[in-house]
Every structure is written in C-alpha cells, then in structure tokens.
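What you see is a predicted model, and the numbers here were worked out from it, not measured in a lab. Heads up: numbering here begins at 1 and tracks the sequence.
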Amino acid sequence: MAKKFKLKRVNHTPAAKAVKENIQFSINYENQLNPAQYDAVKAVDGAYLVIAGAGTGKTRTLVYRVARLIELGYEPRSIVLLTFTRKAAREMMNRAAVLLDNRCSKITGGTFHSYANMILRKYAKAMGISSSFTILDQGDSEDIINLIRAQLNLAKLKQRFPNKQTIFKVLSLSVNTGKTVEDIIKEDYPHFFEYTDKILDIQKVYKDYKRKNSLLDYDDLLIYLRDFLQSGHPSVRSLLNSINFVMVDEYQDTNKLQAQIVKGLVQHNNNIMVVGDDSQSIYSFRGANFKNIMEFPSLFPDVQIIKLEENYRSTQSILDFTNKIIDDALEKYPKHLFTHKTGGELPAIVSAQNENMQSRFVVEKILELREEGVSLNDIAVLFRSSFFSFDLEIELNKANIPYQKFGGMKFIEAAHIKDVLAFLRIAVNPNDIVSWFRVLLLHEGIGPKRAQNIIDEIQASKTGIKLSPDLVLNDKYKDNIFNLFQLLNKIHTEKTLPVEKADEVLKYYEPLFRNKYDDFNKRKKDLEIFLNIANNYKTLEILLTDMALEPPQDSVIDIEAEDQEKEYLTLSTIHSAKGLEWHTVFIIHAIEGFFPSSQSAQSLDALEEERRLMYVASTRAKQNLFITYPMNIFDRYSGTTLSKPSRFISHMDEDIAEEWIIEEE
C-alpha cells in the first residue's frame with residue numbers, strides 16, 4: 001500500500017487573505033470619487049501618506065478604501081483602522097457597511113488607546129501583566145501622585161513644590177514626547193528645576209505603585225503596546241500575521257509614542273496608509289508632534305504622497321483666504337485648496353473700538369443672519385482661549401440668543417460621576433486603591449488616616465469584599481463600613497447586568513451624595529444619564545473601560561438639555577471646533593498678543609502652530625467668514641494695551657478679504 005505524504009512548506013507564514021483575481025467590483029469607485037481620492041482608494045500594498053486638506057473628503061476616502069480592500073477579498077479583521085475618537089471609527093465602519101455590506105463593520109477599528117487595551121488584555125501574559133488591570137483616568141493618576149507626594153513629605157518644603165497636576169503633566173509629556181523629565185522641567189517649568197530629583201523619585205514610586213496594584217494609566221496602554229511590538233516575543237508574530245493593512249486617521253495629531261506603535265504594527269509588511277493635514281496640527285500641548293507627519297516619508301521605503309485638494313465645504317473666496325494664511329507657513333506640504341462651488345462673499349476683517357463693540361457687532365450680525373433664514377445651529381463663534389467669549393456671552397444673554405459653549409468640564413470629570421464609578425471599579429478590581437480612597441472618604445467619620453488603615457488591612461488580605469462582611473469584619477468597624485462592604489460584596493459576587501449594579505450603587509450613594517453637594521438637584525440629572533449609558537452594556541468591565549477611554553463629553557452641570565431651545569448658537573475654542581463646519585463662522589479677538597498669544601512669540605514652533613490654528617478656524621466656514629478684533633484692549637499678562645490686528649490677517653489683499661471698521665451710529 002502506497003504511503004501518503006503531506007508536503008509542508010518551510011518558513012512560510014500564511015497571510016490572512018484570499019485575494020480574488022480579475023474582480024468585478026460592485027461599486028464603481030472611479031466614478032464616485034475624484035481622481036486624487038481614487039488614487040488613494042485603489043492603493044493596496046505599500047506605504048502611503050494622504051495629505052487631506054480641510055473639507056476634501058478624507059473620511060469618504062478611508063471608507064471607500066475599506067470597502068475596496070474587502071471587495072478584493074481581504075479578511076475584514078486584518079484591516080486595522082486607528083482614529084482619535086471612537087465616534088470617528090464607528091462612523092467610518094457604519095458608512096462602509098452602508099456602502100458595501102456588513103463585512104465592513106467587522107474591521108478592527110478604534111482609538112489608539114482602545115486598540116492598545118484590546119491587545120493588552122489578549123496578550124497580557126506575554127507582557128507580564130494581569131489581564132484584569134484597571135485603567136486610571138487623569139484625575140486618578142493625579143490623586144495617586146498626590147498620595148506619593150504626601151508620603152515623601154514634599155508638601156513640607158519651605159518653598160513651593162509643584163502640585164499634582166503639574167507633576168502628572170511633566171511625567172505624561174515625557175512619555176508622549178520622548179523627552180526626558182529633566183528637559184521638560186527645564187523648558188516648561190524652570191522655576192521647579194531644583195526639585196528635578198524629587199520629581200524623578202515620585203515617577204519611580206508611581207510606576208511601582210501602578211505595577212503592584214494592576215493599574216495602568218492612559219500612557220501605560222501605549223507604552224506596553226509599543227514595547228510589546230518591539231520585544232520580538234513569539235506572540236508578536238502571531239499578532240502581526242493577523243494584520244494585512246493599517247490605516248491611521250488624523251496622523252498629524254499623533255505623538256512620538258503613537259508613531260512608534262504605527263511602525264511596530266506594520267514591521268512585517270509596510271502596508272500602511274496615514275491620512276492627515278499638516279496644516280491642522282494644533283495639539284502640541286497634548287504631546288502631538290508636528291514632525292511625525294513631516295518625517296513620515298523617511299520612515300518607510302518608497303512612500304507615495306497623495307494630495308486631496310478639492311474642497312467640498314467652502315466657497316472659493318474662503319479657500320483663497322485660507323490658502324493665503326497657510327502659504328506663509330515655514331514648513332508644510334504645499335497644497336492649494338479649490339472648489340467647483342460658485343458664489344460667496346469675500347471674508348470680512350472687522351475692527352471695533354473695543355471688546356464690547358466687537359461683541360455687539362457679532363450679536364447684531366447673528367440676528368441679521370437669523371432674519372435671513374440662517375439657523376442658529378449653523379452659526380459658530382470661535383476663539384483662541386475660552387475666556388475671550390465672556391463679554392460676548394453677556395451680550396448674547398441680553399439679546400436672548402441661546403448658545404452652547406464647548407471646552408468646559410467633561411461628564412467623566414464631574415466629581416459625582418467619579419464617585420459612582422469608584423464603587424463599580426472596586427467591584428471589578430478589589431485592589432483598586434485609588435477607588436477605595438475615594439469611596440471611604442465619602443463616609444462621615446473617615447478621614448485620610450482611617451481610610452489608609454482600612455486599605456492596609458485590605459492589602460494585607462485581613463479584610464476584603466470577596467466574602468460577606470459578617471465573615472471578614474470585626475466589632476471595631478462601624479455600621480457605615482459594614483453597609484459599604486455589604487454593598488461591594490453584593491455587586492462583586494452577584495451575576496447581574498451593569499445597570500442593575502449601578503442602580504444598587506445609586507441607592508446606597510443617594511444620602512452621601514445629598515450630604516456632599518449643595519447643588520445635588522442639578523447633578524442628579526448626570527446620574528440618570530449614567531444609568532441610561534450603563535443600560536447599553538452587558539459587562540461591567542467593558543462599561544468601565546469605555547468610560548475611561550471614550551467618555552461622554554458634556555456634563556449637564558454645564559449644559560441643561562431641557563433648558564436649551566432646539567436651536568442654539570455654538571461658542572467654541574478652536575481646538576474643540578476641529579472637524580466641524582458651519583454656514584457662518586466668526587473668529588473673535590484676532591489681535592496680536594491674543595491670537596497669536598504673547599507667550600507663543602518666544603518660539604518659532606509655537607508661532608507656526610498659532611498660524612495653523614487660524615487656518616483650522618477659517619476652514620470651518622462654508623458660506624460666510626468674519627474675523628473680528630478690538631483695536632484697544634488691555635492684556636493683563638503683559639501689562640500693555642494691544643492694538644494691532646493678528647499678523648495672520650494683517651496683510652490680506654483687498655481681492656482676498658474686505659476690511660471694515662465698526663463705528664457707533
């Protein structure tokens with residue numbers, strides 16, 4: 001009987017694809033896209049940099065590319081799409097599914113942090129960490145740093161020592177920019193340079209504390225993923241073999257760490273497409289690195305650059321104005337935005353005698369536009385810094401114009417929401433010391449010292465929530481602690497849905513909540529919103545991860561939904577307005593020393609970022625653009641009266657912008 005043999009190929013890694021030959025596409029890609037978009041969409045293997053000017057359809061381009069790769073037969077999960085908000089990833093996946101079919105919703109899409117969280121949970125063992133780690137938000141991290149600061153007796157120094165927020169910012173910037181802690185203190189906080197050694201001590205204790213208690217902050221998610229990808233561990237090969245393509249949206253906003261992750265994810269095949277606009281890089285204060293997009297062509301062999309320049313948002317008059325702003329940039333990918341839309345007024349540069357006259361002009365113009373049929377929802381007033389709108393807000397209130405302001409407190413940062421989350425986080429990770437502190441201090445008669453004693457017992461396994469309090473607590477514990485442990489034991493052990501656990505916590509929390517906050521009636525609405533959110537989840541772990549990684553933005557402490565009319569004007573910092581668009585845009589306070597800010601004058605890089613901010617603000621307008629400035633304003637920072645228009649608008653030809661002076665009638 002003949003023996004059967006099986007041939008096995010040596011050193012062959014099966015690719016996760018089944019590409020069809022001579023495919024008949026169900027979508028006519030060439031017909032539905034402009035030539036530059038089509039070039040990006042039909043790209044398959046290799047490295048691509050897509051420079052997508054404002055309003056040029058970058059989302060459409062990414063959506064069509066996802067659909068085309070899937071039509072080519074690539075496994076959806078082998079396509080990784082990294083974005084800066086989960087909303088953006090979800091929108092792209094939904095649009096691709098509508099365009100082609102449901103396979104598009106199965107791609108691996110999400111933010112850098114949510115993708116890192118998924119990979120860390122899956123390969124935790126290979127990285128030497130527990131897969132049930134808790135994610136710390138910024139407030140939690142600052143609280144731990146404060147704890148360490150107190151333990152090291154640094155608050156007792158005769159001279160001022162940096163607060164917890166500053167220390168956290170220094171440590172986080174160091175991680176995200178790749179600069180040393182020493183360099184960041186020297187550049188940004190030279191007055192604290194003598195404390196560099198003590199800040200480094202805090203960093204060391206902070207790292208040990210997190211590792212010991214299975215805690216990871218936002219930065220750790222990226223560090224662990226970056227280090228894992230660079231480690232050469234056998235599990236890395238298994239991860240990389242499951243990836244055919246990586247796409248990154250808003251690449252101009254990546255920091256050094258994220259750029260290293262991108263390089264690590266495609267080290268096996270260089271199939272990378274990043275999409276972004278160098279002219280919209282405005283987040284250096286968060287550690288974003290403008291150089292990432294400028295130096296991308298040197299990271300990979302044979303990078304192809306594709307420019308999207310046809311704009312679908314603005315009139316040509318507005319585009320001529322924005323092109324002029326960015327033409328003067330020192331470092332850029334040259335591009336010229338154009339449109340086939342016709343009509344449109346020239347942008348107006350409007351000077352007022354003072355700040356109040358500027359505010360009254362904006363209010364009057366908004367009322368005029370409203371009479372012409374432009375909805376308040378389609379009008380925005382943008383500014384460099386949040387406090388620039390205070391005078392305008394008074395005038396809007398007088399004119400009874402409803403508005404919503406962006407750039408305020410986030411829902412997740414509201415203290416009462418953090419309280420409720422702390423209970424739930426202990427239920428998932430009974431060693432979450434930060435949450436224990438928060439919860440214990442809510443109770444009358446428990447101060448920091450008593451809380452620390454209880455936590456010491458928990459850490460020494462003398463007490464805990466895994467068993468009923470009858471079995472683990474002795475007589476020295478008061479009723480309130482007994483009741484707390486009873487609640488935590490219940491939500492830890494019972495197999496109920498997150499919304500049911502949250503409901504139990506809220507019942508317990510109600511008297512503590514009323515006792516702690518004078519405005520509990522206002523805050524109560526947030527707790528109701530939280531229950532609605534929890535109702536969408538099947539597991540507590542995923543709810544807590546999402547609240548940490550992608551929290552809802554607005555708190556009703558700041559915006560009371562039922563008090564808002566359906567139509568409202570948008571007031572927003574430029575940073576918060578990125579990615580949005582309106583029929584009419586006002587940019588206020590375009591004055592030297594305010595925009596660009598007086599601080600930015602000390603650095604060429606900072607001044608260039610201010611220019612890009614003006615470009616981002618201007619490109620939000622579809623039909624009308626007004627740039628206004630008061631001719632006399634006192635700047636408390638420099639102690640001088642400012643009177644010159646911003647350098648970004650001071651040399652516009654009259655065929656690019658009209659200049660107006662407001663005079664009292």
Inset, instruction - Please name the pair of heavy atoms, one in Pro645 and one in Ser650, separated by the smallest distance, quoted to 0.1 Å. - result: CG-CB, 4.2 Å
Legend entry - Residue pair Val41 / Thr61: nearest heavy atoms and the distance that separates them: CG2-O, 3.4 Å
Quick one about [Y] and [X] (side-chain donor to acceptor, distance below 3.5 Å, no hydrogens or angles considered), yes or no?
{"X": "Tyr312", "Y": "Asn34", "answer": "yes"}
{"X": "Thr584", "Y": "Asn624", "answer": "yes"}
{"X": "Asn354", "Y": "Gln358", "answer": "no"}
{"X": "Thr56", "Y": "Asn311", "answer": "no"}

Inset, instruction - List the steps, then state whether side-chain hydrogen bond (donor to acceptor under 3.5 Å, both in side chains) holds for Ser284 with Glu609. - result: CA-CA 8 Å; Ser284 65; Glu609 181 154 324; 2.9 Å; yes
Inset, instruction - Determine whether Gln353 and Asn632 make a side-chain contact, defined as any pair of heavy atoms from C-beta on separated by less than 4.5 Å. - result: yes
Legend entry - Side-chain heavy-atom pair Trp660, Glu658 within 4.5 angstrom cut-off: yes
Legend entry - Set of side chain to side chain contact (heavy atoms under 4.5 Å, CB included) partners for Lys335, sequence neighbours left out: Ile51, Asp277, Asp278, Ser279, Glu309, Tyr615
Legend entry - Greater than 12 external heavy atoms within 6.0 Å of Lys256's NZ: no
Inset, instruction - Taking atom CG of Leu330 as the centre, report whether more than 12 heavy atoms of other residues, nucleotides or ligands fall under 6.0 Å from it. - result: yes
Legend entry - Check: Tyr629 ring centroid to His589 ring centroid under 6.0 Å: no
Inset, instruction - Decide if the gap between the ring center of Phe594 and the ring center of Phe383 is smaller than 6.0 angstrom. - result: no
Over 60° means perpendicular and under 30° means parallel, so classify the ring planes of [Y] and [X], tilted if in between.
{"X": "Phe338", "Y": "His340", "answer": "perpendicular"}
{"X": "Phe626", "Y": "Phe586", "answer": "parallel"}
{"X": "Tyr283", "Y": "His575", "answer": "tilted"}

Legend entry - Partner set under ring-ring contact (aromatic ring centres under 6.0 Å, His included) for His651, not counting sequence neighbours: none
For the pair [X] (side chain) and [Y] (backbone), establish whether a donor and an acceptor sit closer than 3.5 Å, ignoring hydrogens and angles.
{"X": "Asp378", "Y": "Val374", "value": "no"}
{"X": "Ser314", "Y": "Ala621", "value": "yes"}
{"X": "Arg620", "Y": "Glu581", "value": "no"}
{"X": "Ser618", "Y": "Met614", "value": "yes"}
{"X": "Asn377", "Y": "Tyr568", "value": "yes"}

Legend entry - Inter-residue atom distance Leu99.CG - Ser26.OG, 0.5 Å rounding: 8.0 Å
Inset, instruction - Using side chain to side chain donor-acceptor pair (under 3.5 Å) as the criterion, point out the one residue from Gln37, Gln32, Arg95 that pairs with Tyr64. - result: Gln32
Legend entry - Identified side chain to side chain donor-acceptor pair (under 3.5 Å) counterpart of Tyr29 within the set Arg65, Lys42, Arg68, Glu71: Glu71
Using a strict 4.0 Å threshold on nitrogen-to-oxygen distance, state whether [X] and [Y] make a salt bridge.
{"X": "Glu395", "Y": "Arg360", "value": "no"}
{"X": "Glu187", "Y": "Lys179", "value": "yes"}
{"X": "Arg611", "Y": "Glu608", "value": "yes"}

Legend entry - Verdict with reasoning, Asn289 to Asn255, per side-chain hydrogen bond (donor to acceptor under 3.5 Å, both in side chains): CA-CA 5 Å; Asn289 188 352; Asn255 59 39; over 6 Å; no
Legend entry - Verdict with reasoning, Asp253 to Arg286, per salt bridge (charged side-chain N to carboxylate O under 4.0 Å, His left out): CA-CA 9 Å; Asp253 294 335; Arg286 289 185 195 160; over 6 Å; no
Legend entry - Intermediate values then yes/no, side-chain hydrogen bond (donor to acceptor under 3.5 Å, both in side chains), Lys405 and Ser389: CA-CA 9 Å; Lys405 185 172 176 178; Ser389 71; 3.0 Å; yes
Legend entry - Chi angles and distances behind the side-chain hydrogen bond (donor to acceptor under 3.5 Å, both in side chains) call for Gln252, Glu250: CA-CA 5 Å; Gln252 78 281 347; Glu250 304 282 15; 2.7 Å; yes
